[in-house]
Every structure is written in C-alpha cells, then in structure tokens.
Amino acid sequence: MNALAIIFAYANNDKLKELTEKRTPASVPIGGRYRVVDFALSNMINSNITKVGIITRNNYQSLMDHVGNGKEWDLSRKRDGLYILPPYAQYDSNMQEYGGWIDALSAAMTFIRRSREKYVVLTTGEYVCNIDYEEVLAQHEKSEADITCIYRRDDRGTTGDIAYTLEGDRITDVLLGAGVEGEQNMSMDMFIIERQMLENLVREAAMRGQKSLARDIIRRHLNTLKIFGYEFKGYARRVDSVQAYMQINMDMLQEDVREELFNNPNGRIYTKVRDEMPAQYLEGARVRNSLVADGCIIEGEVENCVLARGVRIGKGAKVSNSIILQKSEVLAEAHLEHVIVDKDAIVRTGRTLIGRENLPVLIGKGMVI
Amino acid sequence: MNALAIIFAYANNDKLKELTEKRTPASVPIGGRYRVVDFALSNMINSNITKVGIITRNNYQSLMDHVGNGKEWDLSRKRDGLYILPPYAQYDSNMQEYGGWIDALSAAMTFIRRSREKYVVLTTGEYVCNIDYEEVLAQHEKSEADITCIYRRDDRGTTGDIAYTLEGDRITDVLLGAGVEGEQNMSMDMFIIERQMLENLVREAAMRGQKSLARDIIRRHLNTLKIFGYEFKGYARRVDSVQAYMQINMDMLQEDVREELFNNPNGRIYTKVRDEMPAQYLEGARVRNSLVADGCIIEGEVENCVLARGVRIGKGAKVSNSIILQKSEVLAEAHLEHVIVDKDAIVRTGRTLIGRENLPVLIGKGMVI
Amino acid sequence: MYLKKNCIAMLLAGGQGSRLGVLTKRMAKPAIPFGGKYRIIDFPLSNCINSGIDTVGVLTQYQPYVLNSYIGNGQPWDMDRIRGGVSILPPYVRGKDGEWYTGTANAIYQNINYIDMNDPEYVLLLSGDHIYKMDYDRMLREHVANKADATIAVLEVPMQEASRFGIMNADEDGRITEFEEKPKHPKSNKASMGIYIFTWKKLRHYLELDEQDPNSSKDFGKNIIPRMLADGQRMMAYNFSGYWKDVGTIDSLWEANMDLLKPNLLNLHDDGWRIYSRTPAQAPHYVGSDATVENSLLTEGSVVNGDVRDSVIFHGARIAKGAVVRKSIVMPDAVIGEDAVVEYAIVGENAKVGAKAVIGGPPRQGDPQIAVVGPDITVEDCAIVKPGEMMSADVAAR
Amino acid sequence: MYLKKNCIAMLLAGGQGSRLGVLTKRMAKPAIPFGGKYRIIDFPLSNCINSGIDTVGVLTQYQPYVLNSYIGNGQPWDMDRIRGGVSILPPYVRGKDGEWYTGTANAIYQNINYIDMNDPEYVLLLSGDHIYKMDYDRMLREHVANKADATIAVLEVPMQEASRFGIMNADEDGRITEFEEKPKHPKSNKASMGIYIFTWKKLRHYLELDEQDPNSSKDFGKNIIPRMLADGQRMMAYNFSGYWKDVGTIDSLWEANMDLLKPNLLNLHDDGWRIYSRTPAQAPHYVGSDATVENSLLTEGSVVNGDVRDSVIFHGARIAKGAVVRKSIVMPDAVIGEDAVVEYAIVGENAKVGAKAVIGGPPRQGDPQIAVVGPDITVEDCAIVKPGEMMSADVAAR
C-alpha cells in the first residue's frame, strides 16, 4: 500500500487511572497477551503499510520496550519499518509538550517529508479493532477525496469525542466536545490524506498557532476540500476509560468478537512473543468462560475472566469477572470479583476484594494486597 | 563477554562547532563512511558484548537514524541487542538535563538493574579506536579490581581532561580539570565495573547530589576500592575539537592507522550500509593520497583529502587537505584548501576557499557557497 | 574476536523417523509437534542459544518443507544473525555429481566447507529427536579443561535397560576406555546421549579418513568414535543428570508429553532457560462455560468446550461440547467433535474427529496401546479407532 | 491481506556456468563478482525488492556454499522477513528417494509445495545470470490487465543477432503466436529475456502435465512454453527496453563490466532503484600519492598505488606501486604486484599477481582476447599469462 502511517501514542487524559500511571494508553496490556498498540501496528502491516512512525511524548519506556525493533510485526527493515519519534530528538525542537496533533505532526515533519509514499494514514494507538486500510484507501481513491475520515456508528459518545454529520459520504459538519447523545457517526480518529497535502495543511495550521486536526483542519476545510467519511462496520472500541477497558476484555470472551479480532482473514494481531510454556491446569482447577494466556498455573476457580501470561491462581481461590495482568498471583483461598489486578501484584492468601461491574477494584502494578 | 555496555552519546561542549549544530558528537561523520559512534558500537560487538544501551539527551534524531534497529552491528536481537535510552522515557524522570554521568546512569538504572550480565562497560561515544574489551576484562578479573579505568599515554591533554597517577597498575590519584602538560595517563573515559557495584555506587552518589564519575566515584574511592588502570596502546583519539576532527581524518590516510582501525584481527568497524555504487573516476581525475567512499564521481584534482560517499568533484576543481562530507558537490574549477564541507553543501563553480591547517574553513550542512 | 566462532553446532535432522509412522509421512522427525506449543527441534535449538552458541547448521534431506519453513530466518530462537545464525544444510552437487547423505559422518563430511567458513575451535554434534534441557557451555568448558579430542555426553540409565543403548565405559577420570553399541552384558550404565563435542581439527581429520574407507558405513557411532578410540585419542565422558528422552517411537512420544504433566520432571517455566518456538499469532486459549479442564496443558488459539483431563492440547485445537479427552495429545488445529471420546490417543495436526467418534481407549492390562490419527485425517461421526491403531487414511463410521 | 502473497519470484540459480570456466569452479554462476561490489544475483534480487516482491525462492544445487553464505538471511536486500523473504531451495528426498533437478521446469515442479505454502496468484520466473534493471511490477500489472496465462519479457535485438536467441512472434496486441528457439530465419527480433510471469494455477497444471511426459526434457523454453502455446493459452509479450546483458561467457562478463564505465548504459546511481549487495565492512578505498586512476570504478577496501585506467577494481583489491592495469577486472582481494602489467584481463578473487608479471595484452586485431587468472591462483613474479589464456593453476615464471 502506497502509504506511511503515523500512530499517535501519548495520553490525552488520565481516565485510565493507575493503568496509565507508568505507561501510555497504547501500551496498556489487554486481552491476555496483547498491548493496545498491537492492534494499530498489526492493522498497518496487514494493510501492507511498512513504514510506521509512532509519536510519543512521555512515559513511553514501556511502549519502547514492547515494540522493540519492530521485528514481531515484521517492521524491522533496512528501508522503512518502524520509527519511534520521541520528543526533543530534533535539533530544532524547542517546544514543550505537544498541544495537539498539529504540534506533534510539526515535530515529525522531517520524518514525513523524507518519505516517498503518496498517502499518510493517521491514527491513534488506542483503538481495539481489525481494520483493512487498503479498503479505506480504495474508497478514498474512488471518491477522489482529499481527506477520508473513518468513523463508526455508536451511541457511546462521551464528552470530548468528535462526531461527523454526513450527506452521502461527504462530511458536512464536525461536532466537537459536546456530550453527544444517541447513535452518531463517531470519529475513530483515523484519517487518510495525501502526504503532500498533509504537509501543507499542517504547516499552514502551525503558522497560525492552531492545535487540533479535527477543529482546525477538518472543520475549517469542509467547504474547500473534499472530505469524506468511511464507515467501519466491525468491532471497534477505544480504550479510553477503566469501564471501556473492562468491557473490551469481557467482549473478547464472546466468540464472534474473538473471531473478528483474532482470526480475521484480513490478518492476525501480532504481539511481542514471550515464550511462556502452555498454561498448566492442575488438579482442582475449575475454569469457565475465560481467556487464559500461556504461562498460567491454575489450581483454583476462575469464571468470566481474562488471565494474562504467567498468572497463578492458587488452590481454593475464586476469581470471577476480573482481569489479572501478567505475572500476578492470586494466592490460595483468595476471592476476587470485579477486580483488575495490574502486573506483578500479589493477592494474599484468603484475601477478599469485591468491586462492582461499573466500578472495578483496581490493584496497582507490583502491589501486595 | 559477560558484560553489558553503556555508551554516553550526548554533547558536553560545543567545541565541534557547526559540526554538532544538528547532531551529537557521536553521530558526526568521519573517515569517509563512518559516524564516530560506529567505533564504540563495533568495539562492543567485536568484544562479544551484545547488550548495549546508548544514553542520549538531545539532538539525537540523527543518531537514532544512523543506528536504526542495530542490525548493521548485529545488535537487532530478541534478547538484548541495542537500546536507545532517551530522556523523559521513564515515568519517574522529572529531571532536567543530565548534569553528569551519575544523573544519566540514575536515569538508566532500570535498564541496568534488569540486566543479567555481571559487568558493565561504560564508555563515551566519542572515541576513534579499535579496542578489545575482552582483554581489558581479562586484566580486570586477573587483578581482582573493583574498577578498571582505561587510559592512554598522551601529551595532548586539554583543559577539562582527566589524567590518572598510577603506582604499578593501581590508580593513586585522579587529576581533574587542570590543563595537563607533558605525556600523561589520559583517561579515555572507559571503565569496567561489576554491575551490582555500579548500582550501589551510583545510588549512593546520586543521593548526595553528586554528578561526576571521575571526581565523585573514582577519586572518592581510591582508598576504599581497588581501582586499576589499563593502558590502551593502540591508536586512540577523541573527537573533541575541530582540530582533532581534522587530524583524525588525516591520520586515516596513513596505512598503519587504517590497518589498525579497519583491518584489525580484533574485528571490523561496522556502519550503516548505504548501497552506493563504486566510486567513478572520470577522464581528467587526478587523485593523490586520499580516502574516497563509494558513490563519489570525480573529474577534478584531489590531494590529501577524505571524500565521503556520494561526493562530486567537478572538472578542473582542485581540492586539497580537505574533508568533504556526504552528497556535497564541489563544482567545476572550484579551489579548496583546508576546508571542511558538511553534508549536502554545494561549492559553486570557480569559487575559492582557503583555510589554514589549524583553522580550517567550515561550510555548514546544506549551504551553497 | 567476533567473526571467528569458538564453537558451532551441527544438528542432524535428516532422519526419516519411520518408527513414528504416519506422523512423519509429510515432515521430518524434528518437526513433529511436542508439548503443546513446541516442535522437537525447539529443544536442541533453544539449548544452543541458551548456551551461547548462535551458529547452528541443520543437516536435512528428508521432507524438509515443514522444517525449513518452521526454522525460517531463525528469529524465534534469536538466531536471525548477520554473522552466524541457523543455516539449513541440504546435500548439494559438487563437480558433476550430487551425493545424498549416506550416514551421519558423511553428512558432516559433506559440510566441511560450511564448518571451515565459520572457523571454529570446537564442533558440537546434536540430534534432532531428543527432549531435554542442557547447558552445552558447561560441557564445552569441561572439554577444554580436559584438553579432550572428543567429549561425549552420557546419562546413567537403569542397568537393566543399558543393553538398549550405546554404552561408554570410562575410567575414574572420565576418560572413555571402551564403547559398546547395545551390549548384551553391559559393563556400565553410562549411555551415550548422542551429544558430542569434537575439537574440529581432530574431527576433520577422522572425517576425511573415514570417507576414504570403502567399508565404513560413515556413521559416528559405528565408525568415527570406535576409530578415534582405537587410535588412543583423548575421549572423555560428560556426565549429564536430568530429564532426557528419545522420542523416536509413538510410545515414547506419548510418554514424553505425559511427562510434562508431572511436576519436577522437566521444568519449562524456567526464565533462565526458555524453550523457544515459532507459534502462529493467536489469542489466548478460551475455556467455555460448560468445559472442565484438569491436569492438562493448553495453549494459544485452542478452544475447549468439552471435558479435558491428563492431556496436552496444542494451539488452534478445538474440543467441542460434550467431547471427552483423556491421556491424549491433540495436535495443532485438530478438531474433536461433540460427544467424541478420545483416550490414550494422539490426534495429528489438522485432523478432524467427528461427533460421537471413539478414538483409542484405556489399557485393559499391561502397557497402554496408543491410538494414532494421522495429520489431516478425517474420522467420521460415530467412527471407531481402536486402541493401538494407527490411521493414515480417513476413517468411515463402522 | 499480508499472509497471502500476490506474486512471488522463483530464481533459477542452479546453472553450473561451465562457459565461465575457472570462475565457476568453486561457485555457482549467480555468485560471480560483478561491477566492483556486486555479484550477479544482486541484480534480480534488487529488482525484486524494488518491485515490491519480498518473497523469493532461489533454486540451487550446484556449489551452493558461496551463494548461500552470500545470501545469508537476506538482510542486504531487505529480505530478512518474518513472513516471506529469501529461501534457498535445494533438491530434497521425498518418500524413499531423492531426485536432483533435471531441468528448469522440473526444478520448479519439485518446489510446488514451497509455492503453494505462499499461496500466490502469480509466479515470476527469473534467471540468475542477467545484468539489468527492471520493474517487474509493471510487467505484472500488464499481465493482470491482459488476463494473461503467461507473460514473457522480450527485448528487441539487432535482426542479424536474432538467430542466437529464443524469438517470440507476437500479433499486434502483443499476443504471442509462435516461439522459435534460435531460428535460422527469424521472423521478428523480439528475443525472450528468460523472464516469465505465470498465473500460478495455470503453470501448476502444466508443470504436472510435463512431469508425466517421459519424452520431455523438463525445460521451460523447450517444453512448457511450446505446450502452453499449442494449447492456445493466452501468452503475452512484455516489451522491455533498456540495458540487459546475459553474462554467461568470459567475453560477455568482461564486456558488461566495461559497459559500466560508459555513461548512460546502466545507471547504478539511481536512488529510486538501488542495487543492493553484501559487502565486507571495509574502509573507503585509498589512492596513494603516486597513483593515477582514470575512467575506472573503485570501491571500499581497495588500495591503489599504481596506474589504473578503464578498469573495475573490487573491494579489498590492492594494486602495487608501478603496476599498470588497463581494460581489466580485478576481483575482490586480488593483489597486483609492483610493476606488473594487467591488460584485457580478469583477475579472480584472492588471486596474487607477482611483481613484473604480465597478464593479457591489447588485441592485435579483431576482438580482444581476455586473459583470466582464476580465483586463489598465484602468478609468480615475472610470469606471463598470454591474451586469451585461462589459468586454473598457479603460474610459474617463464
């Protein structure tokens, strides 16, 4: 595909609470063996996009550790491949934190300008979905659009989200900020645009001190450019709150969601391989309706859970409706309901922790409870 | 070799003038096809050190572009390999610019602590030499040293350099800062130390707000630790001034220096491969005592020069005692003596530029003169 | 010095493995799936990289596709090196004629060029059909310290089984005095594990000698080792203790998988000694609301809605509702239909077992008789595969 | 979809290249050094990656060591891919017996499994002995647009030379109506370049048909193409214009090297179409104080202290003081001694030409007679190698 991709991988908010205390949303663990950014990266390689820049701002060591040299996504290349674009790397970067995508794109402009690809795919690193950008590009080219904005029909808009008004495929208005009610054309913060046009639009907007792609580029040019929408009809959710995080993990217990995300003919979701041995079920294990990653050792009861790699569930422990992240241990006779246990934590023998569906208890990385 | 390496690759001064305006000293082009850091990286892999962290601070985009995923040095690995350690990547980094190696090591402490290797090799990325750290480690182990400091005998000390006083192999004093005269045991800013000891020493020094490895760790512990010197007897020069830069390039015109640096049984110097075609000598070319990289096209006269890849020397041009960096063009009938032309510059037809041996004219990156 | 390799490994992966029957019909033995997510060759390859040996030549001539594409560029084992790494070494044409590998020694002989190019001091010789974890670097250090010409890893086996092995008789310093292939009256219980370290110069000499001998069968065990012993070369035994299993038969393959369910036999949870493998990118395995799983291994991409006990379930395998799996191995992407019963069985890659089919069964008396359904075989609904049967064609309902 | 490949390439690198004599004694033809820093195979491999084809099977059975270690993990051509990349495909044993490649079609036939595993729509068939730059993607797009079963690249050659080539006669739409191998009276001057794109399903069918034909010589040019034509399959010609040279003989190899010294024949300075190669890590080349170099190519690691004109000097070559090199090719790591004279010659890899030796000489009349010093050969001081001589053993002083 004649396109390069830019993935924006820095936090805009702290709605993920402790989950993003020591990492960016893109590197939050999800689905037992993935990080959120695996979806964005795999979608790129599955769409035959082989030049990918990841824009980071802070808190990105865990992201760098995860993506490494990009080999797992076959993005370790002599030409092109994966580029981490950290702040302060440019000799002329005197800016402070990025105020918005336009600042970030300005800082990455050398990277963009040096590319030979005709198009740029812009996306956040926070979406869980399996999308074929080649199909989007085909529509983009067929409709002779200047910008194609990807959206989904959804009624879960929250304050700060962006929605589009469409006439046919053409976007006629951009709704910003206001809490949107009912089913809307919610922006997925994914765009396709010609590289040269992006360069021009960003330069122009930056000179005026503008910050927001949606407000200052898309909305401002609704009449002067051909800006079209592309409806993505598959499963797509953004990891933008603890509730969404919990829900997406639970969604993956459904066969149709799992098949669409992970067994999609469009391509697999790749992640860093950790070479854990298969999960061990010992005598006394009782597991129901759960996703279990390699390296787990299970002796207790588990229901409606996602267990990440290397989790241990002790004898007589009962864990339900919970997410246990990698290498955490739930010791014997402990009892957890509606709990998210971050990495490397320990829940002591006999301990009971009970959250509620819309307010899970969150146990931080490395904590001993 | 049971060691990891830390390469400090950020500028301490601006003595390299325009050459480091848009890059760090470690990424300054040298010897026609190399960057300075190639020597440090190649020395590591040649000593069988396969885990290398490069500490950067600012101005490091060109360095990242050059080292890429580390493949050229065979450091693109599933376990270990090359790690860029930029500032602000850690969630707990609230520091400003590193005040010294101790600050930088504190920021890299997670990386160091997570390693399994017994030893750490610390070095700057600014030295041109071909050194076998396995030999240094052998002496370190044999002498049961706590810290081994690598030095060279040299009389070119300048203000700010560090020299050691030795009794036998043991270091008894560290001379700081004062302009050192005569032949001295000049520090090469290379050290071998046990990883655990380094962790302890850095933690202790950081708690006291200390900054300098030489002053605050080496000198302070001369009586409490076994601190030994290792004399490196080969060619070694630091790229720390425009004069040194010029001299090192000129040294490479000598066969013995070239053989030692580039045809050393200890190992080759690897660099990013650019796949330029062989240099083309056209009718009228007159080249004497020069190093010429691939991709050059030469129609004029060249004497005592280093031409980097893709340089063009036009018909009737005369260039002597100069360094022309990659992709720069010296057009017809131009005349250069004692000039350093940075990348992508153009010297116009018929133009004359004459510097002096100890004060070369410096033409900046991309300039048209 | 980086370009010169101190020790490289040569892995003999050419064996046809005919005792494994239908399982090796379309792949070489080292490519057979093992332990839920591995293939046999993962063990020697992982042992190599964990021992610091990053240059491995894999000698292969039989059905190499699955093995070649499994090894690929070596990345899963961190062997996608610019210098060194893993190389597939098939026979090739020299001069006018080509020559297939006629024996283990001939296979190495034909690749003298490959070894010379790497210019090693020592060569480690490995087989591709053993399951074990071993630090070859320790063995190498002993070899060097002993100034040995060859060092052979040995394992103490029960004396009554010793006559099934090649037995090394060594003096008290560990120097081998005698080698007996499957002796009727073994003098010791030190069995050769088929793992050798040779000083390359010495081995090179004996390979050339052996190649010129028209009566030689060009085999390490039969020719090279006896000849070196006869010549008084310094041959040392290296004592290994720990789990080691030759998986060259259906029974031993099944047993070795079952061994993984027993604690403390072979620890694969070892962070310091990972066994690497190439696995397809799949989601964690899913256990359904009506499933039960006990004393079993499950891995990525498998979906269990039935009842699994004492079994090893590979990636992508699916066990339908009501199906019962006991003491069995269900290989990658195999499907067990609703209410099927699979006991004491091996179900090959991508095989389909129909609803209510019955595969194998518990032993009536004596040793279990393992039923085998070959790769890609379909067993129809309600069909029966008896204990000990091996199916290499589709099975109709009876 | 990433896992499925639209088009993969199969590169026939098995040729012994006997017309290149001593140069191919120890390496297959595609591994021969060319153009200062390349080997012949760099051209098709670079063309592939530049055309967006990242999966290449290299079919080899003859002296594969140099080629295998040159290709290695494919990194220099950006083909060290996790999925796809470059694979060496030697013959192998199926069932009980092995079979060497008996012809170009048989070589592909034996690798049907490899191709099927990649599941491509189209297969590009290439040779390993041509020097050219070509965008296979353009050819592929024509193939697809034409809904062709096969597309064959053709080059217009001078009519008087046409009888040396396989000639394609095509109608005005480019559809091939007739194929004549080296016709005495050619009807057109469109010569086949040995570059084919096939729709895989169609080719697979004809490979299987051809394999069953006991009278077939299992060759693309002799069997597959004529048969497909006879069956009325849709075979299209793809017109290529640009530099293309078969370097299968000493003369053509020398000429192709000399062609690089002429402007505008084959542009290797093309940033958009790099020719990649694996080169040893060496310093830029050094030209000494007494040297003269004109109208020549020099590359890394070479050291010139003599007088070089109209020549191609490879990496690591050394030309001593007083030596004269004219119209010659000095291959990697070769040494030309003091005051030696080398004219109209090819000096092989790592050969040593002694002081005052004389190799070759200018043509008296007619075509130049190229002298060849084989790889690793030593020519003693003051020895003479006459024009047109080919030395495969050390040369003593006369």
Side-chain angles (χ1 to χ4, degrees), chain A residues 31-34 38 42 45-46 69 71-74 76 249 252-255 257-259 261-263 267-299 302-312 327, chain C residues 34-38 42 46 49-50 73 75-78 80 257 260-263 266-271 273-305 308-318:
Chain A
R33 67 182 297 240
Y34 302 96
D38 291 338
S42 302
I45 191 75
N46 288 334
N69 49 31
K71 260 187 201 172
E72 306 283 3
W73 300 269
D74 217 356
S76 171
N249 276 283
M252 290 177 184
L253 298 179
Q254 294 168 32
E255 188 171 0
V257 172
R258 231 165 40 235
E259 287 293 311
L261 289 177
F262 302 113
N263 275 338
R268 303 266 179 168
I269 304 302
Y270 302 98
T271 187
K272 183 164 182 168
V273 171
R274 294 290 190 164
D275 300 292
E276 301 275 353
M277 73 171 289
Q280 291 173 282
Y281 288 71
L282 305 185
E283 295 292 342
R286 292 280 174 277
V287 179
R288 304 256 188 287
N289 190 39
S290 295
L291 271 184
V292 180
D294 280 4
C296 288
I297 302 180
I298 302 175
E299 232 177 322
V302 174
E303 188 160 12
N304 309 331
C305 286
V306 175
L307 307 188
R309 63 186 176 79
V311 162
R312 294 182 183 223
K327 299 275 181 193
Chain C
F34 178 82
K37 66 185 293 189
Y38 308 100
D42 289 330
S46 300
I49 197 75
N50 288 331
N73 64 358
Q75 190 271 336
W77 306 271
D78 207 8
D80 52 335
N257 275 282
L260 291 178
L261 302 177
K262 297 174 193 155
L266 181 65
N267 176 17
L268 298 181
H269 257 300
D270 185 351
D271 269 1
W273 205 269
R274 287 251 182 246
I275 303 302
Y276 300 98
S277 65
R278 184 186 293 276
T279 50
Q282 294 187 319
H285 69 266
Y286 173 78
V287 177
S289 295
D290 304 316
T292 54
V293 183
E294 269 185 284
N295 193 37
S296 293
L297 295 183
L298 265 74
T299 189
E300 289 152 8
S302 64
V303 174
V304 175
N305 286 303
V308 172
R309 174 175 267 284
D310 306 329
S311 293
V312 176
I313 312 296
F314 282 70
H315 44 84
R318 296 190 173 222

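Letters A, B, ... mirror the listed sequences (proteins, then strands); counts begin at 1. Because only heavy atoms are used, hydrogens play no part in the values below, and waters and symmetry mates are left out as well, while side chains stay in.
- Counting heavy-atom pairs closer than 4.5 Å to chain C, the top residue among A/Leu291, A/Leu282, A/Ile269, A/Val292 is A/Val292.
- Your options are A/Arg33, A/Glu299, A/Gln280, A/Lys71, and the one with the most heavy-atom pairs under 4.5 Å with chain C is A/Arg33.
- Put simply, of A/Cys296, A/Gly295, A/Ser290, the one with the most heavy-atom pairs under 4.5 Å next to chain C is A/Ser290.
- Your options are A/Leu307, A/Leu253, A/Asn304, and the one with the most heavy-atom pairs under 4.5 Å with chain C is A/Leu253.
- The line from OG of C/Ser277 to CD of A/Glu276 is 11.0 Å long, rounded to the nearest 0.5 Å.
- Of the listed residues (C/Asn305, C/Val304, C/Asp310, C/Asp80), the greatest number of heavy-atom pairs within a distance under 4.5 Å of chain A belongs to C/Asp80.
- A/Arg288 contributes a side-chain N or O that, together with a main-chain N or O of C/Ala291, makes up a donor-acceptor pair within less than 3.5 Å.
- Looking at C/Phe314, there are no atoms closer than 4.5 Å to chain A (heavy atoms on both sides), in backbone or side chain.
- Side chain of A/Arg309 to main chain of C/Pro284: no donor-acceptor pair is present (N/O by atom type, distance under 3.5 Å, no hydrogens or angles).
- Counting heavy-atom neighbours within 6.0 Å of A/Glu259 CD, excluding the residue itself, gives a total above 12.
- Heavy atoms closer than 4.5 Å to chain A are found in the side chain of C/Asp271, but not in its backbone.
- Between the C/Lys37 side chain and the A/Asp275 main chain, no donor and acceptor come within less than 3.5 Å of each other.
- Counting heavy atoms from C-beta outward, C/Leu260 and A/Met277 have side chains that stay 4.5 Å or more apart.
- No other option in A/Ala285, A/Gly32, A/Ala279, A/Ala293 has as many heavy-atom pairs under 4.5 Å with chain C as A/Ala279.
- Proximity to chain A is limited to the side chain of C/Gln75, based on heavy atoms less than 4.5 angstrom apart.
- Neither the backbone nor the side chain of C/Ile313 comes within contact range of chain A, judged by heavy atoms closer than 4.5 Å.
- Under the side-chain contact (heavy atoms from CB on, under 4.5 Å) test applied with A/Tyr281, the options C/Leu261, C/Thr292, C/Asn295, C/Leu298 reduce to a single match, C/Leu298.
- Neither the backbone nor the side chain of A/Glu303 comes within contact range of chain C; no heavy atoms are under 4.5 Å apart.
- Most heavy-atom pairs under 4.5 Å with chain A: of the set C/Ser302, C/Gly288, C/Pro263, C/Gly36, this distinction falls to C/Gly288.
- Of the atoms belonging to C/Val308, not a single heavy atom falls under 4.5 Å from chain A.
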